[in-house]
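Written below as structure tokens is the structure these notes are about.
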Amino acid sequence: MTSQNSQHVYQVLIVGSGFSGLCMAIQLQKSGIDDFKIIEKANKVGGTWRENTYPGAACDVQSHLYSLSFAPNPSWSKVFSGWQEIQSYLEQVQEDSALVDKIQFNNEMVSASFNEVLGLWQVRLKGGESLQARHVVLGTGPLHMPKMPSIKGLEDFKGEVFHSANWRHDIDLQGKNVVSIGTGGSAVQYVPEVAKQAKRLTVFQRSAAWLMPRNERSYTRLEKWLFKHIPLWRKSYRSFLYLMNEARFIPMKFPMLAKVAQGISRWHLYRQVPDPTLRAQLLPSYTMGCKRILISNEYFPAFNRSNVALNTSGIAQVNEHSVTDQQGNQVPVDVIVLGTGFEADPRVFLKDIPIRGLDGKLLLDAWQDRGAQAFLGVSVAGFPNFYQMVGPNSGLGHNTVVFMIECQARYIVSALKALNKQKAQYLTVKPEVQKAFNLRLQKQLQGTVWQTGCSSWYQDTDGHNFTIWPGSTLSYYWHTRKLVVQNYQWHDVKEQVLSKKVSAQN
């Protein structure tokens, strides 16, 4: 199919080449759809594992589970692999799937508009190029735009400042006074490593995090042999990991049971930190699971070091060579590391990328009143043939998001197949279906740990939880196992052409 100016029209355009983008591309290949292109802003695949290279960066889901089920890696070195190994794995997946010629590196989408008459998406790239496609899949993920804090005087600081997602490996921290702002998932991993180098490390904590022990170990040579030569062994091990993680959903659903897990975390803290005052500062006051649960064996002991201090009073302002806390104390500093997380709200990380659907309506306008919403985290009413991966309310707090990604890729492929079967040009989820789905979803969130009163990145500024899937991953698999035709509207380009002509005559 080609447009009137003979420009090539891709069947599918994928934005991003992390787990989501690569999974989507491979599922298209398996379905016999080869006319697709991946747009990648960087010079190689990897997504978050290409960007986050800070010391200690690793996944908090077991490696054999945090990988594509159809692209196993029997050679993982340990239970929880570091970023280098995950990045190498994704590059190997790209090579094994012969995707290199399908990816346009060093470019990014700056806008996308749907043409109802042609039934096509017009996608403009930063380099000035314009592409056309029948379908657009947004595989950028929700955690790729660093969140920069608003702190008085930060712009006046004379030392070095960088976000953990943009780690400055050219800066030697040896003998430096370092301040770390934030105690989230990234900080928990890099703080112990920085503590080994810095002359003095001060960690500014806004709220403590629930930490669980990390069952970290290297795989033996025998285990690797079994994973490689006995596929059933590897699959059984992966299934065991999946079920073990899935069981963590139960205390998420029933907050009273979370107190049992809190007991384990308290034991972990008391075992590793002998100072009662410090323990009290590191002990959260909210229900476990309300914010992201972290795992580490190294974070708590870092505060036992004589060169590490925990500051819970907050930052009043940053000066040229120091930080002033809320009590007026001056903390000398040479380097500031921002462990402040990411802009997870799609209304924020997509604000500079206008995406226009039917009647030219902007995606951000569609989300203005009720926050970011989608049907199954994939489809948005009014935006035909447009799909998100790890979209609104398809994130997890207990298991591997790769499972969700695979479900979504299969669901999107089923949408493409359904279009051909319906002999239609494009499909849109019915507004009433999307609305009813999100009402049920928010109702399911009530009574869970995520709604127990804490403030987290799972919620937008209005307190709307746009991130978490409130059910089990098995329930998500059930909902996405096949596309239900009745949930969508099916459109023919000929109908739109006729409609436009009638409108013009009137």
Side-chain angles (χ1 to χ4, degrees), residues 19-20 23 58-73 76 78-81 86 141-143 185 210-217 227 231-265 268 287-296 376-378 389-411 440-441 444-452 456 458 465 467-482:
F19 267 102
S20 294
C23 180
C59 187
D60 55 7
V61 174
Q62 300 90 338
S63 306
H64 276 274
L65 187 59
Y66 193 75
S67 49
L68 297 166
S69 63
F70 49 81
N73 174 23
W76 291 114
K78 53 186 180 180
V79 178
F80 298 95
S81 295
I86 301 174
L143 303 178
W210 286 106
L211 256 70
M212 296 293 280
R214 188 180 183 92
N215 183 27
E216 182 67 285
R217 67 176 182 85
F227 291 144
L232 182 59
W233 180 275
R234 186 191 67 247
K235 292 177 181 178
S236 298
Y237 179 65
R238 180 185 173 97
S239 297
F240 165 74
L241 294 176
Y242 168 77
L243 292 173
M244 185 173 66
N245 281 276
E246 191 67 2
R248 295 164 56 195
F249 169 71
I250 299 174
M252 303 286 178
K253 189 71 173 176
F254 305 101
M256 288 299 294
L257 297 178
K259 294 186 181 298
V260 177
Q262 286 180 191
I264 299 173
S265 183
H268 187 47
T287 304
M288 190 177 198
C290 187
K291 295 185 180 185
R292 181 181 174 187
I293 301 172
L294 307 177
I295 58 172
S296 175
L376 296 172
V378 177
M389 302 190 74
V390 199
N393 291 107
S394 62
L396 296 175
H398 70 285
N399 211 329
T400 173
V401 74
V402 178
F403 181 94
M404 307 293 276
I405 288 171
E406 291 194 30
C407 288
Q408 291 171 345
R410 289 192 296 267
Y411 186 80
R440 288 196 304 271
L441 187 149
Q444 286 179 301
L445 280 167
Q446 294 175 13
T448 65
V449 294
W450 301 295
Q451 301 297 100
T452 51
S456 75
Y458 296 152
N465 190 321
T467 307
I468 293 293
W469 171 252
S472 66
T473 59
L474 287 175
S475 70
Y476 190 78
Y477 169 80
W478 180 258
H479 280 85
T480 57
R481 72 194 187 281
K482 65 177 181 179

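These figures come from a predicted structure and were not determined experimentally. We number each residue from 1, following the sequence as shown.
Tyr476 places a side-chain N or O within 3.5 Å of a backbone atom of Leu376 that can act as its donor or acceptor partner. In this structure, Gln408 contributes its side chain and Val390 its backbone to a donor-acceptor pair below 3.5 Å. In this structure, the side chain of Arg238 does not engage the main chain of Pro72 through any donor-acceptor pair within 3.5 Å. In this structure, the side chain of Glu406 engages the main chain of Ser69 through a donor-acceptor pair within 3.5 Å. Listed for the Asn465 side chain is a donor-acceptor partner under 3.5 Å among the backbone atoms of Ile468. Under a 3.5 Å cut-off, the side chain of Glu246 and the backbone N or O of Asn399 do not form any donor-acceptor pair. No donor-acceptor pair under 3.5 Å is formed between the side chain of Gln451 and the backbone N or O of Gln446. The main-chain N or O of Ser296 is found under 3.5 Å from a side-chain atom of His268 such that the two form a donor-acceptor pair. Counting only distance, with no hydrogens or angles, the side chain of Ser265 and the backbone of Leu211 share a donor-acceptor pair below 3.5 Å. Panel note: side chain Arg481, backbone Trp478; a donor-acceptor pair is recorded below 3.5 Å.
Using a 4.5 Å heavy-atom cutoff, the side chains of His64 and Tyr242 are not in contact. For the pair Ser394/Val401, no side-chain contact is recorded, criterion being any heavy-atom separation below 4.5 Å from C-beta on. Looking at heavy atoms from C-beta onward, Met404 lies out of side-chain contact with Met389 at the 4.5 angstrom threshold. Using a 4.5 Å heavy-atom threshold, the side chains of Phe403 and Val61 count as separate. Proximity of Leu294 to Trp210: side-chain heavy atoms (C-beta onward) are nowhere separated by under 4.5 Å. Between Val402 and Leu65 there is no side-chain heavy-atom pair separated by less than 4.5 Å. The shortest distance between side-chain heavy atoms of Met288 and Val449 does not fall below 4.5 Å. Side-chain contact between Thr400 and Gln62 is absent, with no heavy-atom pair separated by less than 4.5 Å.
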Let's go through Phe80 and Tyr66 carefully: what are the C-alpha distance in whole Å and the side-chain angles of both, what is the deciding distance for ring pair (Phe, Tyr, Trp, His ring centres under 6.0 Å) to 0.1 Å, and is it a yes or a no? CA-CA 9 Å; Phe80 298 95; Tyr66 193 75; over 10 Å; no
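A tilted orientation is assigned to the rings of His398 and Phe249, their planes being inclined by 30° to 60°. By the 30° and 60° cut-offs, the orientation of the rings of Phe227 relative to Tyr237 is tilted.
The environment of Phe240 atom CZ is sparse: at most 12 non-hydrogen atoms of other residues, nucleotides or ligands sit within 6.0 angstrom.
Nearest approach of Ser456 to Cys290, heavy atoms of both residues: OG-O, 3.7 Å. Across Gly289 and Tyr458, no two heavy atoms sit closer than the pair O-CE1, 4.2 Å.
The structure places CE of Met252 at 10.0 Å from CG of Leu396, a figure rounded to the nearest 0.5 Å. Taking CG from Asn73 and OG from Ser63, the interatomic distance works out to 8.5 Å, rounded to the nearest 0.5 Å.
A salt bridge links Asp60 with Arg292: the distance from a Lys NZ or Arg NE/NH1/NH2 to an Asp or Glu carboxylate oxygen falls below 4.0 Å.
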